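The structure displayed is predicted, hence computed values, not measured ones. Atoms within each ligand, like the ligands themselves, are counted from 1 in listed order.
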Amino acid sequence: MTARTLDGQTLARTMQEEIRPEVAAFTAQHGRPPGLGIVLVGNDPASEVYVRNKLKAGADIGFRADLERLPASASLAETIALVERLNRSEFHDGILVQSPLPKAMGAGAEQRVFDAIAPGKDVDGLTPVNVGLLVQKRATLVACTPSGIIELLERSQVPIAGARAVVIGRSDIVGKPMALLLMHRHATVTICHSRTRDLPAVAAEADILVAAIGRAGFVTPAFVRPGAVVVDVGTTQVSDRAVVERLFAPDSKRREVFERRGSIVVGDVHPDVAAVAGALTPVPGGVGPLTIAMLLKNTLTAAQLRAGHVG
Ligand code: NAP
């Protein structure tokens, strides 16, 4: 068996086309486009790429998309002050603080900065208010990656109600909201993490397996029940040839990309899983583009709510 590919790239494009007329209607009615402010502190290379992609997607759809940069030496107080300025801004409906913040800002800095975002502009769904609303199944702004995964599962006709779902990873941004969204759709959900005993056996009970770990090729066929739907959230930049050679066949496309670029992005799911799973999201081209599509959707929703359209 070769797993069906769950194509996040195509769905993301479809979702963007779906919201484009709503963006135009908002702009016509209010004399300004929906606005997204992205805060980037320092110059982490991966963050630079993510932020560039988000800004480009925002501009393409007709948003005002502003990058608000601070140097790596910025203090916690300066970062919070920037978030508060965006909270007050008439032109910004959504605020995204790119993670990670520089280590020098200290432990707990990220949480304090996220806490400063006005819940109505919290398009990453990370503030305590929005997380609480999600727990109670009445959220409007939900973390982008897990809500993008739900869109993909639902639009791919993957049955969720009654399914056994296993989520590996318990982060605030992916694992926990993923588990809640699946539970709200009536899956029976197990959350696994680094202390889970006999992880492959637990994972192999899943009809829907979501891997959000950040370890290249960690989920092998031993983790996967034949026919299961496997969602690969992981994105690890790998430049170690030995790891690439262990994961990908010499004549594969991924090896070709590695030879050309010297590094490749690798998911948490081992390529051999494609022979066992019923459906699988690719990396790249799976969950990543959906995360951006959901960011656009959340920003439009935040703009509409601020303007009193819905809610
Ligand atoms: P994170 O905050 O580092 O959390 C990783 C989770 O994986 C933790 O809960 C950790 O368990 C668990 N874990 C680590 N090693 C494990 C092991 N050996 N066995 C079982 N569990 C283990 O990461 P994250 O922010 O959730 O992101 C996860 C991955 O998804 C990363 O590769 C990230 O780059 C990627 N990501 C991709 C997108 C996208 O749009 N494609 C978006 C967000 C994240 P403990 O809690 O016990 O430490």
Number the atoms of ligand 1 from 1 as they appear, then name those within less than 4.0 Å of a heavy atom of Val174, with their elements.
-> 26 (O), 43 (C), 44 (C)
Counting both backbone and side chain atoms, is some N or O of Arg195 under 3.5 Å from an N or O of ligand 1?
-> no
Sidechain N-carboxylate O distance under 4.0 Å for Asp60, Lys56 | yes
Looking only at protein heavy atoms, identify the closest one to atom 48 (O) of ligand 1 and say how far it is in Å.
-> Ser194 OG, 3.7 Å
Glu110 with Lys103: basic N within carboxylate O range, under 4.0 Å = no
Should Lys253 and Glu256 count as an ion pair when the cut-off is N to O under 4.0 Å?
-> no
the protein heavy atom lying closest to atom 19 (N) of ligand 1 turns out to be Phe218 CZ, 3.5 Å
Do any N/O atoms on Thr291 end up under 3.5 angstrom from N/O atoms on ligand 1?
-> yes
Nearest-option assignment for atom 9 (O) of ligand 1, heavy atoms, candidates Gln237, Met178, Arg170 | Arg170
Minimum-distance protein heavy atom relative to atom 29 (C) of ligand 1 = Gly214 N, 3.7 Å
Do ligand 1 and Asp268 have nitrogen or oxygen atoms that lie under 3.5 Å from each other?
-> no
Is the closest side-chain donor-acceptor distance between Glu78 and Ser75 under 3.5 Å?
-> yes
Looking at Leu199, which atoms of ligand 1 are within less than 4.0 Å of one of its heavy atoms?
-> 19 (N), 20 (C)
Identify the closest protein heavy atom to atom 34 (O) of ligand 1: which residue and atom is it, and at what distance?
-> Thr235 OG1, 2.8 Å
Under 4.0 Å between a Lys/Arg side-chain N and an Asp/Glu carboxylate O for Glu68 and Arg85?
-> yes
Under a 4.0 Å N-O cut-off, is there an ion pair linking Lys121 with Asp93?
-> no
Can you figure out which of Thr145, Ile213, Val266, Leu295 has its heavy atom closest to atom 16 (C) of ligand 1?
-> Ile213
Residue, atom name and distance, where the atom is the protein heavy atom closest to atom 24 (P) of ligand 1 | Ser171 OG, 3.7 Å
Is any side-chain heavy atom of Phe63 closer than 4.5 Å to a side-chain heavy atom of Pro33?
-> no
Looking at Ile173, which atoms of ligand 1 are within less than 4.0 Å of one of its heavy atoms?
-> 25 (O)
Val233 heavy atoms within 4.0 Å reach ligand 1 at atoms 30 (O), 35 (C), 36 (N), 37 (C), 41 (N)
Near Gly169 (heavy-atom distance under 4.0 Å), the atoms of ligand 1 are 6 (C), 7 (O), 9 (O)
Atoms of ligand 1 under 4.0 Å from any heavy atom of Ala212, numbered from 1 in the order shown, are 5 (C), 6 (C), 7 (O), 28 (C)
Assess Gly234 for proximity to ligand 1: is some non-hydrogen atom of it under 4.0 Å away?
-> yes
Quick one: nearest non-hydrogen protein atom to atom 15 (N) of ligand 1, plus distance?
-> Arg215 NE, 3.3 Å
ILVMFWY network linking Leu6 to Ile160, side-chain heavy atoms under 4.5 angstrom = yes
Is the NZ or CZ atom of Arg254 both under 6.0 Å from the centre of the six-membered ring of Phe248 and within 45° of that ring's axis?
-> yes
4.5 Å side-chain heavy-atom contact, Arg155 and Met15 = yes
Do the charged groups of Glu18 and Lys297 touch, with an N to O distance under 4.0 Å?
-> no
